[in-house]
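The chains referred to below are lettered A, B, ... by the order of the sequence lines, with proteins before strands, and numbering in each begins at 1.
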Amino acid sequence: MTTDIKETTEKAPLNFIEEIIEKDIAEGKHDGRVHTRFPPEPNGYLHIGHAKSICLNFGLAQKYGGKCNLRFDDTNPVTEDTEYVDSILGDVRWLGFEPDNIFYASDYFDKLYEFAVDLIKKGKAYVDDSTPDEIAAMKGTPTRPGTDSPYRNRSVEENLDLFTKMKNGEFKEGSRVLRAKIDMASPNMIMRDPVLYRIKFAHHHRTGDKWCIYPLYDMAHGQSDSIEKITHSICTLEFMPHRELYDWCIDNLEIFPSKQYEFARLNLNYTVMSKRKLKQLVEEKYVSGWDDPRMPTISGMRRRGYTAAAIRNFATRVGIAKRENVIDLSLLEFCVREDLNKIATRSMAVLDPLKVVITNYPEGQTEWLETENNPEDPESGTRKLPFGRELWIEQDDFMENPPKKFFRLSPGQLGRLKSAYIIQVDEVVKDASGEVTELHCTYFPESKSGEDTSGLKPKATLHWVSAEHAVAGEVRLYDRLLMVENAADDPRDFKELLNPDSLVVVKNAWLEPSLADVTPNDHFQFIRLGYFTPDADTKPEKPVFNRTVTLRDAWAKIAKKG
RNA sequence: UGGCUCAUGGUGUAACGGUAGCACUACAGAUUUUGGUUCUGUCUGUUAAGGUUCGAAUCCUUAUGAGCCAACCA
């Protein structure tokens, strides 16, 4: 077992949390046991930032032969809902992790209440009748110490009595709180007699109306960790000031000493990550829902066609450290292309069609040509494609007056039709306004793919679909959510920064016939266009595809430069 | 103007007092029936100033910059 760890050590450098864990194991702390937890509040859907945390916590448990719990931090009944609980569990499982235990902070409400009573009995907590405004005023500021509440020195008996009455619903909501008795002059604002319990006559999604007092984060989180005997409680940087209180509670309650460690949360450019903002996008209908493929939510990315493997790989590559960071979207895209390149079935679809008539090809004739399903995967086999006299190709693949680096079709320039024949353009047909409507071409019969004796070497290979056999489908093209890299650096409201072209719908794309019959979690590469996946809106008579990500596009870069 | 935390190429992340490495991006070339993939190469970095040391990205001091903390949110 130690050998395993040593070997791993030599292979990959450890992040600072792994170093702590390995040191703890080496010192025999908790008999070498590693137990982590992923503790979401069920008040929204999980996003890619949570994925980083999930991969970290579950990954650590896997690496060190430990356990990882999923714990819903459901201590605030007014914001939480079972809809979120369900989606969170689904997302964790989809990412490929099965929690060793599924717990809820609300499971511990009785225990937490006992803890609170214990603190009161130890003279470490008191009931405060001050108003929220008064409490805020007495808190002081970072540069000025706070002042003691007039209720701070109530007797244990009185506190016990008052707290019982709070629990029994004898006081109005907001009229009293339970506070820890620590230090109103602490340089750490969190330690200035933090509120532990508040009165809320709210229906809780799991405990119903049993409780009218609810613990706050600091009275619930570390205590829950301790109850579950969590060894390494990993959270994000903004909880750093809470660690002192986390330890204070555990010390004074004399319970299992879980330890908190903080790492920097994930930020991605060209998107927003805060739950508040994501919720706003959903509620104000800027997007179709939490699973809109433009959302950085796990459900949105899944719908868009991201694979769990790609997301896990991404989570590994971004690393774990304490430095604030903004990850390039290009890394995420790299990860998904890397995975999809290996597994996506190649197929052909034309999004912006231009008719090609092969004038020397017999009318009414259909040939079924063989094509590979995935050149990266020899096991993937081949399939047949229908070829005929009339085809669709991409508008972009023809230019009447091409620039020098344009390799595709133009008058006089040859082009290879993927898995079919080489053609040349003989005549450009235009409408009254001068728009190109049709290309009349000839093909070279001896240039058939696989048995080409023509000796011709066209510079480009084009994708195409037989007009007679093409299936109509809708294709949704997604782009970055925001126009700017970092919304936080922009004075404008983030909703003014939304990319108006984040969704472009191609109502009538022509798809090769094999794409008429697809199943939800399929992944395709539409050759030369990108990776696509069937959307949930797909109906038998009308397939709908989402573009997961484009292919890298060298030509687009050249064209952009001019 | 209090406390805590952080600072390495464009973006991330290693190097634990001894050759600043890796990945993404960008750029260039080779291969290619996807301007994809694959392969090769190139550019770019230790926030600053002092100090300790034979030797500092690493230790110390100061400065600078960034983040977090004053919900009965988590």
Side-chain angles (χ1 to χ4, degrees), chain A residues 12-15 19 39-41 43 73-76 78-80 105 128 130-132 135-137 139-146 173-179 186-192 194-200 213-214 216-218 220-221 235-244 262 264 269 275 317-335 337-338 341-342 346 348 371-372 375-376 405-408 416-420 422 447 449-450 452 457-463 525-530 550-559:
Chain A
L14 302 177
N15 63 50
E19 281 179 358
E41 182 189 10
N43 67 347
D73 222 339
D74 56 350
T75 57
N76 187 358
V78 303
T79 57
E80 296 153 6
D128 195 329
S130 308
T131 66
I135 289 178
K139 199 125 197 169
T141 70
T143 51
R144 253 207 315 271
E173 186 161 318
S175 64
R176 282 180 173 81
V177 291
L178 182 73
R179 289 229 258 170
S186 172
N188 182 354
M189 299 287 293
I190 302 289
M191 297 298 279
R192 321 246 261 227
V195 175
L196 264 19
Y197 263 90
R198 80 284 222 187
I199 300 170
K200 266 185 201 290
I213 56 171
Y214 292 93
L216 276 98
Y217 171 85
D218 293 299
H221 199 100
C235 61
T236 45
L237 250 30
E238 66 270 26
F239 290 97
M240 205 157 11
H242 290 260
R243 188 176 62 223
E244 193 179 352
E262 311 88 12
N269 57 15
K275 244 184 217 175
R317 282 174 184 262
V318 296
I320 301 297
K322 301 185 83 150
R323 174 154 55 137
E324 301 282 344
N325 60 80
V326 183
I327 306 293
D328 269 346
L329 191 58
S330 62
L331 180 63
L332 216 209
E333 294 185 339
F334 168 82
C335 290
R337 287 188 187 113
E338 186 185 43
N341 179 48
K342 290 181 294 190
R346 271 53 172 178
M348 294 204 275
T371 190
E372 55 201 346
E376 303 296 317
K405 285 191 174 167
F406 187 81
F407 300 155
R408 283 108 98 144
R416 154 76 65 185
L417 295 176
K418 172 75 179 171
S419 298
I422 294 171
S447 68
S449 282
D452 184 352
K457 294 276 176 253
K459 281 205 272 188
T461 300
L462 276 33
H463 61 277
Q525 184 194 98
F526 290 178
I527 287 182
R528 302 209 299 140
L529 296 178
T550 61
L551 257 23
R552 290 186 72 218
D553 190 345
W555 167 243
K557 284 179 189 169
I558 295 166

Heavy atoms under 4.0 Å, any strand shown: does [X] hit a base, just sugar-phosphate, or nothing?
X       : result
R346(A) : base
L237(A) : nothing
F239(A) : base
R416(A) : base
E324(A) : sugar-phosphate
I327(A) : sugar-phosphate
D328(A) : base
V195(A) : sugar-phosphate
R317(A) : sugar-phosphate
V326(A) : sugar-phosphate
F526(A) : nothing
S130(A) : base
I558(A) : base
S419(A) : base

Go through [options] for me and flag the one nearest to the [X] side chain.
X       : options                : result
N325(A) : U33(B), U13(B), C24(B) : U13(B)
K322(A) : A14(B), C6(B), C73(B)  : C6(B)
A554(A) : G35(B), C24(B), A14(B) : G35(B)
R528(A) : C72(B), U34(B), A74(B) : U34(B)
K139(A) : U1(B), A70(B), G36(B)  : A70(B)
R408(A) : G10(B), G35(B), A70(B) : G35(B)
H242(A) : A14(B), A74(B), U34(B) : A74(B)
E238(A) : C68(B), G2(B), G35(B)  : C68(B)
T75(A)  : A14(B), U33(B), A74(B) : A74(B)

Can you say whether a donor on the side chain of E376(A) sits under 3.5 Å from an acceptor on the base of U38(B), or the other way round?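 Between U38(B) and E376(A), which were checked side chain against base, a qualifying N/O pair under 3.5 Å is absent.
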State which residues pass side-chain hydrogen bond (donor to acceptor under 3.5 Å, both in side chains) with S330(A); sequence neighbours excluded, sorted by chain then number.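 side-chain hydrogen bond (donor to acceptor under 3.5 Å, both in side chains) list for S330(A), sorted by chain: empty.
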Is the base of A71(B) syn or anti, if syn means a glycosidic angle within 90° of 0?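 What A71(B) shows is a syn base, its glycosidic angle lying within 90° of 0.
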When you compare the side chain of T75(A) with that of L216(A), does any pair of heavy atoms fall below 4.5 Å?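 No, too far: nothing below the 4.5 Å cut-off.
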Looking at every heavy atom in both L237(A) and P241(A), which two are closest together, and how far apart are they?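 Looking at all heavy atoms of both residues, the closest pair is O-CD, 4.3 Å.
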State, to 0.1 Å, how close K405(A) and W555(A) come at their nearest heavy-atom pair, and which atoms those are.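 The answer is O-CZ3, 3.6 Å.
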Can you find a side-chain donor-acceptor pair between N188(A) and S186(A) that sits under 3.5 Å?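 S186(A) and N188(A) do not have a side-chain donor-acceptor pair below 3.5 Å.
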Please confirm whether the shortest side-chain N or O distance from [X] to OP1 or OP2 of [N] is below 4.0 Å.
X       : N      : answer
R198(A) : A71(B) : no
K275(A) : C73(B) : no
K557(A) : C27(B) : yes

Atom [atom1], compared across [N] and [M]: separation rounded to whole Å:
N      : M      : atom1 : result
A15(B) : U62(B) : C1'   : 26 Å
G65(B) : U47(B) : P     : 16 Å
A28(B) : G35(B) : C1'   : 15 Å

Y214(A) OH to A74(B) P, straight-line distance once rounded to whole Å: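 It works out to 12 Å between those atoms.
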Is there a stack between Y217(A) and A74(B), judged by ring centres under 5.5 Å and planes under 30°?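 So Y217(A) does not count as stacking on the base.
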